[in-house]
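All remarks here apply to the structure that follows.
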Amino acid sequence: MFEKILIANRGEIALRVVRAAREMGIATVAVHSTADSDAMHVRMADESVCIGPPAGTQSYLSVPAIISACEITGAEAIHPGYGFLSENADFVQIVEDHDLTFIGPTAEHIRIMGDKITAKDTMKKLGVPCVPGSDGGVATLEDAKRIGEEFGYPVIIKATAGGGGRGMKVAQSAAEMEKAFMTARAEGKSNFGNDEVYIEKYLTTPRHIEIQVFGDGKGRAVHLGERDCSLQRRHQKVFEEAPGPSISAKERAAIGKVCADAVARINYTGAGTIEFLYENGEFYFIEMNTRLQVEHPVTEAIFGVDLVREQIRVASGMEMSFQQDDLQINGHAIEVRINAEKLPNFAPCPGRITQYHAPGGLGVRMDSALYDGYSIPPYYDSLIGKLIVHGRDRPEALARLHRALGELIVDGVDTTVPLFHALLAEDDVLSGNYNIHWLEHWLETNLGDG
Ligand code: ADP
């Protein structure tokens, strides 16, 4: 096992990794920008290294600075968290070239899944059901129009390198194809340096269901059921739950096995998430994330496992601590993402926290790096905390969420907490009757957000 690991991230996820490492008796090194000198992850880690100025490109994304921090502190492995360098195959290669261990999958797997066309092709060959659409990239507008006719509108044009909801455009009809095609290409080029796009049938009422998988890198893999992340704004998740209210035990076992078998066959290492759209009882693969997800705690809650601990174990060469039969679902968990944003337009709202009180009690977990007097810097993501609740069943989890949100105090900045209070008064949310478009419609109707 490692003696010391470095965490190449910030905020709640850096703290999350510190916590797992400490319980395993592993020393931690935090890295931080000059804007984060007072951050909680820096305070909680055993050591810290300042790696650059506030801009992410010059600090949390600076590969030389992070490798140097490892050399200086003697850290043997790097946990990337999510975002930043977590899905950067070149970074993984450099880490390995320096005889350090990357706590995550191989550069090759990250590369395959990071290109959505290659990912889809790979998954199809592994027997995973995919959204109907173009066979690979679509180079010209003429081809795009032909595919639109073939599959029938609406269709979605997606940048193969896209992520975070960027590089995707819907064409409702042939008349909208030119603009959607050009915009998706341009967004792919400007955000990800790659203008290749592909086309999929646009599903009109699907749920977003993702399967958590975990592999040992030696051909053994398990699944940890699904998360329903259908409540989204601009293709970004805001509320996640496990198990999915619409998924039966039989469906879970079947799709879970397809996913576990697929990653076992490619000798996948560590945590991964296979994302699907789910409509009329069918699963359609959209992409695979080769890292820990923001919403991993709902899975941890219902299975009683520590996914970060497991990532570290497997990266160090140890066996996974569970097998498929050990993984039984217990109850229901919900996570809400608390962002420093001002409703109704979700404008980022950095600033000083004058008072912070985290909710507690049975079945409540608050993953956050906030504290009284902390100043949220304006340079990074607006996620400031995740509130996760666990109950014996969905109604109990919802009641607990309501109770815990009532206890939470975040003064000094605007947050998305009022959104969740409002959602918990909606019959559709209470009954689990929603799809990926539900929240956008609700926001438009109730907040005029559009
Ligand atoms: P990103 O990598 O940017 O997160 P994804 O491919 O994971 O992109 O898609 C994000 C979200 O976009 C999905 O959860 C879903 O809401 C929507 N989406 C993607 N593909 C389709 C599709 N074929 N039909 C309908 N909605 C889609």
Side-chain angles (χ1 to χ4, degrees), residues 82-83 86-88 110 112-124 128-135 137-138 144 147-148 150-172 176-177 180-181 183-185 187-188 190-192 194 196-212 226-241 244 246 259 272-280 282-295 337 381 383 434-443:
Y82 52 70
S86 61
E87 290 175 289
N88 184 321
I110 293 177
I112 291 171
M113 298 306 166
D115 181 275
K116 291 183 177 185
I117 292 175
T118 316
K120 217 172 152 177
D121 190 45
T122 307
M123 285 298 175
K124 214 188 242 171
V128 178
C130 296
V131 188
S134 63
D135 216 2
V138 179
I147 289 160
E150 189 184 329
F151 288 95
Y153 287 92
V155 296
I156 183 165
I157 299 100
K158 295 170 125 179
T160 188
R166 283 172 301 165
M168 281 188 291
K169 289 289 161 228
V170 178
Q172 295 291 349
E176 289 182 14
M177 184 51 110
F181 181 73
T183 314
R185 282 183 65 142
E187 280 189 14
S190 62
N191 288 305
F192 310 101
N194 181 349
E196 186 169 28
V197 297
Y198 64 107
I199 297 179
E200 276 178 356
K201 177 88 190 141
Y202 184 68
L203 303 180
T204 48
T205 57
R207 301 179 78 113
H208 174 113
I209 303 285
E210 55 184 37
I211 307 291
Q212 175 74 55
E226 78 284 357
R227 295 181 284 261
D228 187 322
C229 313
S230 302
L231 289 176
Q232 302 180 353
R233 175 178 181 269
R234 305 210 167 149
H235 306 304
Q236 296 273 57
K237 302 157 190 169
V238 303
F239 175 113
E240 301 105 342
E241 60 183 309
S246 62
C259 292
T273 295
I274 305 188
E275 296 192 336
F276 293 92
L277 296 175
Y278 173 81
E279 194 174 73
N280 300 328
E282 301 286 338
F283 288 90
Y284 302 98
F285 170 78
I286 46 173
E287 69 162 346
M288 177 166 182
N289 291 318
T290 51
R291 56 169 162 82
L292 194 67
Q293 303 266 104
V294 175
E295 59 273 20
R337 296 194 191 190
D381 196 270
L383 182 81
Y434 51 76
N435 62 45
I436 59 166
H437 305 297
W438 188 94
L439 183 59
E440 295 271 358
H441 290 305
W442 185 89
L443 289 169

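Every value quoted in this text rests on a predicted model; they were computed, and no experiment measured them. Just so you know, ligand 1 is whichever comes first in the structure, and atom 1 is the first atom listed for that ligand.
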Contact partition for Glu275 relative to ligand 1, non-hydrogen atoms under 4.0 Å: side chain
Element-labelled atoms of ligand 1 that are located less than 4.0 Å from some non-hydrogen atom of Lys116: 1 (P), 2 (O), 3 (O), 5 (P), 6 (O), 8 (O)
Proximity of Thr204 to ligand 1 by residue part, where a heavy atom lies under 4.0 Å: neither
Listed partners of Asp121 passing side chain to side chain donor-acceptor pair (under 3.5 Å), at least two apart: Lys125
Identity and separation of the nearest protein heavy atom to atom 15 (C) of ligand 1: Ile436 CD1, 3.7 Å
side-chain contact (heavy atoms from CB on, under 4.5 Å) between Phe285 and Phe276, worked out: CA-CA 4 Å; Phe285 170 78; Phe276 293 92; 3.9 Å; yes
Salt bridge present between Lys237 and Glu210 (N-O < 4.0 angstrom): yes
Criterion side-chain contact (heavy atoms from CB on, under 4.5 Å) on Glu279 and Thr204, from CA distance to verdict: CA-CA 9 Å; Glu279 194 174 73; Thr204 48; 4.2 Å; yes
Full working for side-chain contact (heavy atoms from CB on, under 4.5 Å) between Arg337 and Gln236: CA-CA 10 Å; Arg337 296 194 191 190; Gln236 296 273 57; 5.6 Å; no
Nearest protein heavy atom with distance in Å, relative to atom 16 (O) of ligand 1: Gln232 OE1, 2.8 Å
Nearest-contact summary for atom 13 (C) of ligand 1 - protein heavy atom, Å: Ile286 CD1, 3.8 Å
Short side-chain donor-acceptor distance under 3.5 Å, Thr160 and Asp115: yes
Exercise: do Arg291 and Gln293 side chains pair donor with acceptor under 3.5 Å: yes
Steps toward side-chain contact (heavy atoms from CB on, under 4.5 Å) verdict (Leu439, Gln232): CA-CA 6 Å; Leu439 183 59; Gln232 302 180 353; 5.7 Å; no
N or O contact, Val131 vs ligand 1, cut-off under 3.5 Å: no
Protein contact of atom 24 (N) of ligand 1 - nearest heavy atom, named by residue and atom, plus distance: Leu203 N, 3.0 Å
NZ/NE/NH1/NH2 to OD/OE distance under 4.0 Å, Arg227 and Glu240: no
Protein contact of atom 21 (C) of ligand 1 - nearest heavy atom, named by residue and atom, plus distance: Leu277 CD1, 3.4 Å
Residue selection (non-hydrogen contact nearest atom 7 (O) of ligand 1) among Glu287, Glu440, Met168: Glu287
Sub-4.0 Å atoms of ligand 1 with respect to non-hydrogen atoms of Gly165: 1 (P), 3 (O), 4 (O)
Nearest heavy-atom neighbours spanning Ala144 and Phe181: CB-CD1, 3.7 Å
Atoms of ligand 1, numbered as shown, that sit under 4.0 Å from any heavy atom of Lys201: 22 (C), 23 (N), 24 (N)
Ligand 1 atoms in contact with Lys158 (distance to a heavy atom under 4.0 Å): 6 (O), 19 (C), 20 (N)
Per-atom contacts, ligand 1 versus Tyr202 - under 4.0 Å to a heavy atom: 24 (N), 25 (C), 26 (N)
Ligand 1 atoms in contact with His235 (distance to a heavy atom under 4.0 Å): 11 (C), 12 (O), 16 (O), 17 (C)
